[in-house]
Amino acid sequence: MSATPLVSQVDSEKTAKSALLPPLLGASVAELTTWVQQQGQPAYRGKQLHEWIYHKGVRSLLDISVFPKQWRNEVAEIPIGRSSLHYRSVAPDGTVKYLLRLADGQIIETVGIPSDNRLTVCVSTQVGCPMACDFCATGKGGYKRNLARHEIVDQVLTVQEDFQQRVSNVVFMGMGEPLLNTENVLAALKSLNQDVGIGARSLTVSTVGIRDRIRQFAQHHLQITLAVSLHAPNQPLREKLIPSARAYPLEDLLTECREYVEITGRRVTFEYILLAGVNDLPEHALELSKRLRGFQSHVNLIPYNPIQEVDYKRPNRDRIQAFLNVLKQQQITVSVRYSRGLEADAACGQLRASN
């Protein structure tokens with residue numbers, strides 16, 4: 001038997017083996033230290049590897065110059081877990097939309113939002129979204145799969161590197177429903193906090209509401225912000241806008257949110273997209289205030305951002321102000337959030353895996 005086929009077989013087996021190894025991005029110092037020791041390297045290389053992954057943005061183990069060249073060649077096939085840039089666009093307000101290509105060819109969207117001395121990243125948690133909210137572009141493309149821990153953390157590093165500025169805030173409000181991917185979202189939150197160095201209270205997870213998942217999430221006692229996409233003050237209207245609401249009545253959702261407040265001591269933010277003539281009337285505001293009275297919460301009013309597939313309209317400023325005034329009169333803590341990146345289709349509800 002000649003040597004050539006044998007070498008090819010060994011290389012093939014090595015490649016196949018490396019493909020099964022989990023990417024290193026998202027791993028803690030302790031996990032990386034264990035890994036380097038398993039490779040026969042001294043423990044201190046774990047801290048070096050952590051520094052190069054999270055603070056130097058290395059994309060291949062071959063590029064870590066402090067490692068012995070021979071060992072770098074031996075572990076060259078081990079994936080760090082970085083995505084590649086598929087598309088980038090910049091809105092007039094400085095917001096940047098990124099389409100990132102994952103290892104399996106799937107495309108996800110991430111948004112970098114600069115303001116004053118802050119840099120916020122809006123991350124996706126799924127490829128597509130199964131919730132199919134009627135006013136949202138993401139759900140129109142259907143659902144493909146959950147994102148892994150490293151694919152979520154990578155989005156933050158990508159924006160940080162592009163802006164050459166430290167990320168201060170991360171909102172899990174991109175493509176997908178985070179609480180349908182709880183394990184990876186929790187792992188990514190831990191990594192963003194402990195490895196990337198973003199404060200827990202600067203991390204926000206947004207959910208449309210999945211039965212029992214908010215209660216389960218509360219058991220982790222995280223200091224993050226929970227944002228619940230409400231968008232309607234009553235069950236019939238919510239079912240019209242959010243198909244999944246049929247299986248999860250509004251009263252049950254609010255009960256679970258109250259339990260979250262009791263368990264964590266953290267208030268809940270309620271997101272409410274204002275759709276002209278649909279859910280933006282003063283009577284809607286009054287009904288919403290009755291449901292939230294006495295609730296440790298904050299309401300974020302979000303004027304609708306248009307998409308091509310539906311005919312919903314954004315209310316004018318007078319309608320927005322009238323809705324806001326009713327809530328304030330009823331002693332509801334409320335603010336209006338005008339989304340950034342509208343011209344680049346990077347605003348709330350506009351994200352989709354295409355440019």
Side-chain angles (χ1 to χ4, degrees), residues 8 10-28 31-32 34-36 38-39 49-50 52-64 67 71-89 96-112 121-130 138 141-162 167 170 172 174-178 180-192 195-196 351-355:
S8 298
V10 170
D11 288 345
S12 177
E13 290 175 353
K14 181 180 178 182
T15 300
K17 182 180 179 182
S18 68
L20 298 175
L21 293 170
L24 299 177
L25 181 60
S28 65
E31 291 170 324
L32 293 173
T34 297
W35 181 78
V36 298
Q38 289 172 344
Q39 306 298 314
L49 180 55
H50 187 272
W52 279 75
I53 288 176
Y54 293 104
H55 303 294
K56 293 182 181 291
V58 70
R59 291 176 174 267
S60 170
L61 293 178
L62 282 171
D63 298 328
I64 303 181
F67 287 172
W71 184 54
R72 278 187 277 163
N73 290 330
E74 290 174 1
V75 296
E77 299 296 328
I78 304 298
I80 285 180
R82 298 303 305 274
S83 65
S84 60
L85 182 63
H86 175 71
Y87 176 81
R88 179 184 184 274
S89 66
V96 182
K97 178 176 75 172
Y98 307 84
L99 294 186
L100 303 178
R101 184 180 297 278
L102 308 178
D104 63 354
Q106 296 288 351
I107 303 292
I108 59 169
E109 183 155 331
T110 301
V111 182
V121 181
C122 179
V123 300
S124 297
T125 56
Q126 296 178 310
V127 182
C129 182
T138 307
Y143 165 76
K144 302 293 190 305
R145 66 170 176 86
N146 283 335
L147 295 184
R149 171 180 68 173
H150 69 279
E151 292 170 328
I152 299 172
V153 177
D154 167 76
Q155 298 172 61
V156 176
L157 296 186
T158 295
V159 175
Q160 190 162 264
E161 291 163 7
D162 187 49
V167 168
V170 178
F172 286 63
M175 299 168 61
E177 165 52 58
L180 287 178
N181 188 16
T182 305
E183 181 179 352
N184 289 313
V185 165
L186 286 169
L189 286 169
K190 181 179 179 181
S191 182
L192 290 172
D195 302 311
V196 182
L351 304 192
R352 67 185 83 219
S354 61
N355 59 323

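When reading the values below, keep in mind they use all heavy atoms of this one structure, side chains included, and skip hydrogens, waters and symmetry mates. All values reported here derive from a predicted model rather than from experimental measurement.
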Is it true that [X] and [Y] make a salt bridge, defined as a side-chain N closer than 4.0 Å to a carboxylate O?
X      : Y      : result
Arg101 : Glu109 : no
Lys190 : Asp195 : no
Asp63  : Lys56  : no

Side-chain heavy-atom pair [X], [Y] within 4.5 angstrom cut-off:
X      : Y      : result
Leu192 : Tyr54  : no
Leu189 : Phe172 : yes
Leu157 : Leu25  : yes
Ile108 : Leu99  : no
Tyr98  : Ser89  : no
Thr110 : Val121 : yes
Thr125 : Met175 : no
Thr182 : Val185 : no

Take Ile107 and Tyr87 through the side chain to side chain contact (heavy atoms under 4.5 Å, CB included) test and state the conclusion after the steps. CA-CA 10 Å; Ile107 303 292; Tyr87 176 81; over 6 Å; no
Measure across [X] and [Y] and return the closest heavy-atom pair with its distance rounded to 0.1 Å.
X      : Y      : value
Ala188 : Ile152 : CB-CG2, 3.7 Å
Val159 : Gly112 : CG1-CA, 3.8 Å
Leu32  : His50  : CD1-CA, 3.7 Å
Val127 : Gln106 : CG1-OE1, 3.6 Å
Leu102 : Arg145 : CD1-NH2, 3.3 Å
Val75  : Leu61  : O-CD1, 3.4 Å

Is there a donor-acceptor pair under 3.5 Å between the side chain of Arg72 and the backbone N or O of Phe67? yes
Side chain of Arg82, backbone of Arg59: donor and acceptor closer than 3.5 Å?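 Not a single qualifying donor-acceptor pair exists.
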Under the criterion side chain to side chain contact (heavy atoms under 4.5 Å, CB included), I'd like the reasoning laid out for Leu49 against Trp35: C-alpha separation, chi angles, the key distance, then a yes or no. CA-CA 10 Å; Leu49 180 55; Trp35 181 78; 3.9 Å; yes
Classify the side-chain pair Asp154/Ser83 by whether it contains a donor and acceptor separated by less than 3.5 Å.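 Yes, side-chain donor-acceptor contact under 3.5 Å.
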Within this structure, what is the CG-NE2 distance for the pair Asn184 and His150, rounded to the nearest 0.5 Å? 9.5 Å
Identified side-chain hydrogen bond (donor to acceptor under 3.5 Å, both in side chains) partner of Asn146 from the options Glu177, Gln126, Glu183, Glu151: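 Per the side-chain hydrogen bond (donor to acceptor under 3.5 Å, both in side chains) rule, the option paired with Asn146 is Gln126, out of Glu177, Gln126, Glu183, Glu151.
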Full working for side chain to side chain contact (heavy atoms under 4.5 Å, CB included) between Val153 and Val196: CA-CA 9 Å; Val153 177; Val196 182; 4.2 Å; yes
